[in-house]
Amino acid sequence: MKLHKLEGYIQSIYLAEYQDKLLLLDGCSRADIPLIKHYIVGKLHRCFNDLALVVVTHMHPDHAGAANTLRCLTGCKIAMANVPGQWYAGIDGKLMHLTDMLLAKWVAKRMRKPRRNIWYSSKLVPDYRLNDRDPLPGFPDWMALDTQGHTDRDLSLHHLPSDCVYVADLMVKVKGHYIPPFPVFYPNRYLKSVKKIIALSPTSIILAHGGEVFPSDRDYKYLLDRAPKIPMTHWRSVKSKLNKALGKAS
């Protein structure tokens, strides 16, 4: 297995190459589809439909945005956590879906990226549903790990031969420190997930936002100390800012 890292629209992309097939570790952004195709066809000199499996670690725009379209274009299969229902369900879910795309556009602007269409369906029906410690279909050297907290269906992917773990958004690296992502809907699950990865003691950790890293015990303590005790969500953030603004005005 050879793991290729591509710089995507607002996140890193990891493509695992095998002699007869390819594995995409996450569903990327819709804006990443031309890049993925160019890399597979133009750089690796492979057929686009060698892409056999796309894992969607959670439903945010930079992790699920390309999945449905890639399945249509290549015939690949999609795998995600075995969690019932849709993340963006109901009226609140639709509003959150729009908010998440606006947040992704804001991140792209901060990164000085050109404007791109990142719209994607809020619904995703996978071909495979993965439970904790299930091998990836067709890629038994990879194992799925439940690492919920950021959302209700987060997955990490453990490559057993190299003992590296792709943790998606379980942590992000900012100014040399590892911190929790935003949002964190389930703080208790989040803390449990971080401790799960620490207990695993992998050789390295691969971040969607930060590349391959080698956290120390001090780094982990910094992260654990900042793990939220209450949910950090879009609405709570807006409510807090409104309260502060009203407090200043009174």
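Hydrogens, waters and symmetry mates are skipped; everything else that's a heavy atom, side chains included, is used.
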Are any non-hydrogen side-chain atoms of Tyr128 and Lys77 less than 4.5 angstrom apart? yes
Out of curiosity, Asn117 CG to Met101 CE, how far, rounded to the nearest 0.5 Å? 9.0 Å
Taking atom NZ of Lys113 as the centre, report whether more than 12 heavy atoms of other residues, nucleotides or ligands fall under 6.0 Å from it. yes
Which atoms form the tightest heavy-atom contact between Pro61 and Asp100, and what is the distance? CG-O, 3.6 Å
Heavy-atom side-chain contact between Leu22 and Arg46 under 4.5 Å: yes
Any idea which heavy atoms bring Ala104 and Ile118 closest together, and the distance? CB-CD1, 3.6 Å
Is there side-chain contact between Tyr120 and Met59, with at least one heavy-atom pair below 4.5 Å? yes
Which atom names give the shortest non-hydrogen contact between Val56 and Leu124, and what distance separates them? CG2-CD2, 3.7 Å
If the test is side-chain contact (heavy atoms from CB on, under 4.5 Å), which one of Asp146, Asn82, Leu145 qualifies with Leu155? Asp146
Where do Thr147 and Lys196 land on the side chain to side chain donor-acceptor pair (under 3.5 Å) test, with the steps shown first? CA-CA 8 Å; Thr147 48; Lys196 181 178 186 175; over 6 Å; no
Is any side-chain heavy atom of Pro137 closer than 4.5 Å to a side-chain heavy atom of Leu53? yes
Is Lys105 atom NZ crowded by more than 12 heavy atoms from other residues, nucleotides or ligands, each under 6.0 Å away? yes
Pro187 vs Lys229 side-chain heavy atoms within contact, under 4.5 Å: no
Hydrophobic clustering (ILVMFWY, side-chain heavy atoms < 4.5 Å, transitive) - are Phe182 and Leu224 grouped together? yes
What are the two closest non-hydrogen atoms of Tyr9 and Pro114, and how far apart are they? OH-O, 2.6 Å
Hey, what do you get for CE (Met143) to CG (Leu160), rounding to the nearest 0.5 Å? 5.0 Å
Determine, stepwise, if the pair Asp127 / Arg71 fulfils side chain to side chain contact (heavy atoms under 4.5 Å, CB included). CA-CA 10 Å; Asp127 300 284; Arg71 179 163 57 185; 3.0 Å; yes
Applying the 4.5 Å side-chain criterion to the ILVMFWY set and letting contacts propagate, would Trp106 and Met111 be lumped into a single cluster? yes
Minimum heavy-atom distance between Ser122 and Gln86, given as atom pair plus value: O-OE1, 3.8 Å
Quick check on side-chain contact (heavy atoms from CB on, under 4.5 Å): which of Ile197, Ile206, Asp154, Thr57 does Val167 satisfy it with? Ile197
Let me see the working for Trp142 and Leu25 under side chain to side chain contact (heavy atoms under 4.5 Å, CB included), right down to the final yes or no. CA-CA 10 Å; Trp142 290 89; Leu25 298 193; 3.8 Å; yes
Shared hydrophobic cluster for Tyr18 and Tyr39 (ILVMFWY, side-chain gaps under 4.5 Å): no
Taking His150 for its side chain and Phe185 for its backbone only, find out whether a donor-acceptor pair lies under 3.5 Å. no
Before giving the answer on side chain to side chain contact (heavy atoms under 4.5 Å, CB included), spell out for Leu98 and Lys94 the whole-Å C-alpha distance, their side-chain angles and the decisive distance to 0.1 Å. CA-CA 6 Å; Leu98 292 172; Lys94 298 296 184 186; 5.8 Å; no
ILVMFWY cluster, Trp87 and Leu102 together (side-chain gap under 4.5 Å): no
Between the side chain of Asp62 and the main-chain N/O of Ser29, is any donor-acceptor distance below 3.5 Å? no
Ile205 side chain near Met171 side chain, heavy-atom distance below 4.5 Å: yes
Enumerate the residue pairs fulfilling side chain to side chain donor-acceptor pair (under 3.5 Å) with a member in residues 170-195, sequence neighbours excluded, ordered by first and then second residue. Gln148-Arg189
How long is the straight-line distance from CG of Leu136 back to CG of Leu130, given to the nearest 0.5 Å? 6.0 Å
Got a second to check how far Ser201's OG is from Asp163's CG, nearest 0.5 Å? 7.5 Å
Count I, L, V, M, F, W, Y as connected when their side-chain heavy atoms are under 4.5 Å apart, and connections chain through other members. Are Met232 and Ile179 then in the same cluster? no
Counting N and O atoms only, with roles assigned by atom type, does the side chain of His58 sit under 3.5 Å from a partner on the main chain of Ala81, one being a donor and the other an acceptor? no
Could you tell me the separation between the CG atom of Leu103 and the CD1 atom of Ile10, rounded to the nearest 0.5 Å? 7.5 Å
Do Ser12 and Glu7 come within less than 4.5 Å of each other through their side chains, counting heavy atoms only? yes
Relative to each other, are the rings of Tyr88 and His60 parallel, tilted or perpendicular (30° and 60° limits)? tilted
Do Leu157 and Tyr14 make a side-chain contact, defined as non-hydrogen atoms from C-beta onward lying under 4.5 Å apart? no
Does Asp217 come within less than 4.0 Å of Lys221, counting only side-chain N to carboxylate O? no
Sub-3.5 Å donor-acceptor pair from the side chain of His97 to the main-chain atoms of Lys123, do we have one? no
Does the Lys NZ or Arg CZ of Arg218 fall within the cation-pi geometry relative to Tyr222 - under 6.0 Å from the ring centre and within 45° of the axis? no
Please lay out, stage by stage, how Glu17 and Leu3 fare under the test side chain to side chain contact (heavy atoms under 4.5 Å, CB included). CA-CA 6 Å; Glu17 182 184 12; Leu3 191 62; over 6 Å; no
Only one of Asp169, Asp26, Asp32 clears side chain to side chain donor-acceptor pair (under 3.5 Å) with Gln11; which? Asp32
Between atom CG of Leu35 and atom SG of Cys28, what is the distance when rounded to the nearest 0.5 Å? 8.5 Å
At their closest point, which heavy atom of Ile13 faces which heavy atom of Ile36, and how far apart are they? CD1-CG1, 4.3 Å
